[in-house]
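Okay, so here's the structure we're looking at.
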Amino acid sequence: MSASFFKKYGNIGNILSNYGNKLWSIVSVFIFIPLYIKYLGVESFAVIGFYSLLLGIISFADSGLSSAVIKEFSSSSERNYKYSVLRLIEKYYILICIGICVVIFATAPLIAKYWLTSETIAIDDLTYYLRLISIGIVIHLLSLLYYGALFGLNYQIEANFYQIIWNIFKSLGVVLILIVVDKTLEVFFIWQIICNLVYVIVIRFRVLFRLKDLGQKLQMVINKIPQDIIKYISGMILIAIVSALNTQADKIMTSSMLSLKIYGYYTLSSTLGQVPVMLAMPLAVSMFPIFSKLVSASETPKLKSTFEKSSFILNNLVIIAGILLILYMKDVLLLWTKKSIEPAYLPDVIISCKLLVIGSVFLSLQFIFYYVLLSYGKTKYTIVQGVVQLLVGMPVLYLLVWKLGVTGAGISWILINLGSFIFLFIILSRQYLKFSRIGYIFNNMLIPLMISAGVSLAVYSLSINFMISIIISGVISLLLNVVCYNIRNGYKVISYSGLVF
């Protein structure tokens, strides 16, 4: 049983562990963000949001290097080769992180004076917080390299376990520290630095432990990064730079053009709007090693089948989540924030949340396309797409924010992600997997949309408790979509075996 079972179902454990990790992220968002606002205030929460913004902007430092580690560690190369790749990449990674820290540290006074606009926080205090942020960010980035190494070695459950523990200490621990020590941003960011540092030390130790075979000493077998890895990293870094600017452009504009209070509310909206992404990303990331192995083995039929199944599951999750969030947005916001949003700002927050959810749905729908192309080693399409989005999207975003404020940022978010989805969809279907576009849109998008919308609207009309309505709507929608999938593909009506990779 064991060999065949794990061959068929082994990937499920990894995917479930990724969802467990992301589930904690979602739960922590709902639990701790209202507490941050309660103890620190909206403007201080906006500074925390700026911390996330900077982390997103400089994610290009991570994407190429840690993605290369995942790709190489997913291969069948021997352990000393993987160890050598890790050590070589690690050196460059540390230098990049130090450089980022120095740049942010040096420019902190300018950012505090000319970028962030606060009514209650002094410029000198903002400068100090930004310098603490610079330290916390680079340690956080370093942890992603080792997380990727464990991930690529197929210890995804272990990697997610450590990340969950780390996040618990960062989020729950900081609330306790704020209560016991002092309710200041200084305490908040110092605690983040401590947690990040401990996490890096632990996860690096575990990577080296897993690389050792029967206690044998690890040795360097190469003295420079192979050319094919350098080429891959270069493409990934270009993608990450463009992607970071595109995905964070709305926050860059709102943080620089609007007050910290309004930016704080927009950060709140953006966090809630990311729920579809939180649901989609664990599955998409889990599929990357699987796609890479199938591409390297030239198993195109199995690749197409795996792509179709994973797309169906991902699309259902994000479409259902999007519909339910839009229907019950006001109820979710009020439950989540416990009326900490000032009444005058609530209508705008609700509208921006709904717009950001729609944009995030389009972003989530393209994740599978992106990772299939990445498994082929194709990065140029994402670079071209991102450059076009920057050239066209940034001016449009500026005008929309200038004219409509946070609502304009939400509209721009939809346009950017819809355009990206269409572009990657055409490239993948035309040049690589060559599937039917009409069939994909009808079976994997329109049918789930119609079923989920019909069920959700029917339950919504009953006017029962919104939490119960969300659970009932989600479960029924998912079951009906699986039944339709099974009927369409000739599987048993009540079965999940047809969706196993």
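In this chain, residues are counted from 1 in sequence order.
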Query - Residues forming a side chain to side chain contact (heavy atoms under 4.5 Å, CB included) with L418, sequence neighbours excluded - result: F362, I422
Query raised in the report: Do you know which two heavy atoms are closest between F367 and A284, and how far apart they sit?
Result: CB-CB, 3.6 Å
Report summary line: When rounded to the nearest 0.5 Å, the distance separating CD1 of I48 from CD1 of I37 is 9.0 Å
For residues 346-354, which side-chain N or O atoms pair as donor and acceptor with protein atoms under 3.5 Å away, sequence neighbours left out?
from	atom 1	to	atom 2	distance (Å)
S352	OG	S269	OG	3.0
S352	OG	D348	O	3.1
S352	OG	V349	O	3.0

Query raised in the report: Do the non-hydrogen side-chain atoms of K170 and N167 ever get within less than 4.5 Å of each other?
Result: yes
Query raised in the report: Is atom CD1 of I438 surrounded by more than 12 heavy atoms (other residues, nucleotides or ligands) closer than 6.0 Å?
Result: no
Query - F105: partners by ring-ring contact (aromatic ring centres under 6.0 Å, His included), with sequence neighbours left out - result: none
Query raised in the report: Just wondering, do Q366 and F423 contact through their side chains at under 4.5 Å, heavy atoms?
Result: no
Report summary line: The ring-ring contact (aromatic ring centres under 6.0 Å, His included) partners of F421 (sequence neighbours excluded) come to F369, F425
Query raised in the report: Of all residues at least two apart in sequence or in a different chain, which pass the side-chain hydrogen bond (donor to acceptor under 3.5 Å, both in side chains) check with S270?
Result: K251
Query raised in the report: Looking only at heavy atoms, which two atoms of W166 and S143 are closest? And how far apart?
Result: CH2-OG, 4.1 Å
Side chains of residues 179-186: which donor-acceptor partners sit under 3.5 Å, not counting sequence neighbours?
from	atom 1	to	atom 2	distance (Å)
T184	OG1	V187	N	3.3
E186	OE2	Y128	OH	2.7

Report task. Using the side-chain contact (heavy atoms from CB on, under 4.5 Å) rule, take Y39 and S44 through it: C-alpha gap first, then chi angles, then the decisive distance, then the call. Result -> CA-CA 9 Å; Y39 292 122; S44 292; over 6 Å; no
Query raised in the report: Are any side-chain N or O atoms of S420 and backbone N or O atoms of I416, one a donor and one an acceptor, separated by less than 3.5 Å?
Result: no
Report task. Please check if the side chain of S375 supplies one atom and the backbone of V372 the other of a donor-acceptor pair under 3.5 Å. Result -> yes
Report task. For residues I319 and N444, report the shortest heavy-atom separation together with the two atoms involved. Result -> CD1-O, 4.4 Å
Requested in this report: Output all residues satisfying side chain to side chain contact (heavy atoms under 4.5 Å, CB included) with W115, sequence neighbours left out; order by chain, then residue number.
Outcome: F50, I111, I252, S255, S256
Query raised in the report: Is there side-chain contact between P109 and R131, with at least one heavy-atom pair below 4.5 Å?
Result: yes
Taking distance alone, no hydrogens or angles, what donor-acceptor pairs closer than 3.5 Å link side-chain atoms of residues 469-482 to residues at least two apart or in another chain?
from	atom 1	to	atom 2	distance (Å)
S469	OG	N465	O	3.0
S473	OG	S469	O	2.7
S477	OG	S473	O	2.7
N481	ND2	N316	OD1	2.9
N481	ND2	S452	OG	3.4
N481	ND2	S477	O	2.8

Query raised in the report: Should we count OH of Y398 as having more than 12 external heavy atoms under 6.0 Å?
Result: no
Report task. Using side-chain hydrogen bond (donor to acceptor under 3.5 Å, both in side chains) as the criterion, list what pairs up with E43, not counting sequence neighbours. Result -> S118, T120
Report task. Can you see which heavy atom on I368 is nearest to which on S310, and at what distance? Result -> CD1-OG, 3.9 Å
**Report entry** Atom pair OH/CG of Y485 and N443 - distance to nearest 0.5 Å
**Finding:** 9.5 Å
Requested in this report: Could you list the residues that satisfy side-chain hydrogen bond (donor to acceptor under 3.5 Å, both in side chains) with W191, not counting sequence neighbours?
Outcome: none
Query raised in the report: Which pairs count as ring pair (Phe, Tyr, Trp, His ring centres under 6.0 Å) when at least one residue sits in residues 168-190, sequence neighbours excluded?
Result: Y36-F188, Y51-F189
Query raised in the report: Would L457 and L327 satisfy side-chain contact (heavy atoms from CB on, under 4.5 Å), going step by step from the backbone distance to the final call?
Result: CA-CA 8 Å; L457 287 171; L327 279 177; 3.9 Å; yes
Query raised in the report: Does atom CE of M450 have more than 12 heavy-atom neighbours from other groups under 6.0 Å away?
Result: yes
Requested in this report: Would you check if the distance from the ring center of F307 to the ring center of F291 is below 6.0 Å?
Outcome: no
Query raised in the report: Does a side-chain heavy-atom distance below 4.5 Å link V318 with L365?
Result: yes
Report task. For residues I139 and I135, determine if any side-chain heavy atom of one lies less than 4.5 Å from a side-chain heavy atom of the other. Result -> yes
Report task. Mind listing the closest non-hydrogen atom pair of V392 and P395 along with its distance? Result -> O-CD, 3.3 Å
Report summary line: Note: M329 and V357 closest approach over all heavy atoms is CE-CG2, 3.8 Å
Report task. Only counting residues at least two apart or in another chain, list the ones meeting side-chain hydrogen bond (donor to acceptor under 3.5 Å, both in side chains) with R437. Result -> S429
Query raised in the report: Heavy atoms, side chains only, cut-off 4.5 Å: are Y460 and I323 in contact?
Result: no
Query - Side-chain heavy atoms of L335 within contact of M467, under 4.5 Å - result: yes
Query - Minimum side-chain heavy-atom gap E308-F435 below 4.5 Å - result: no
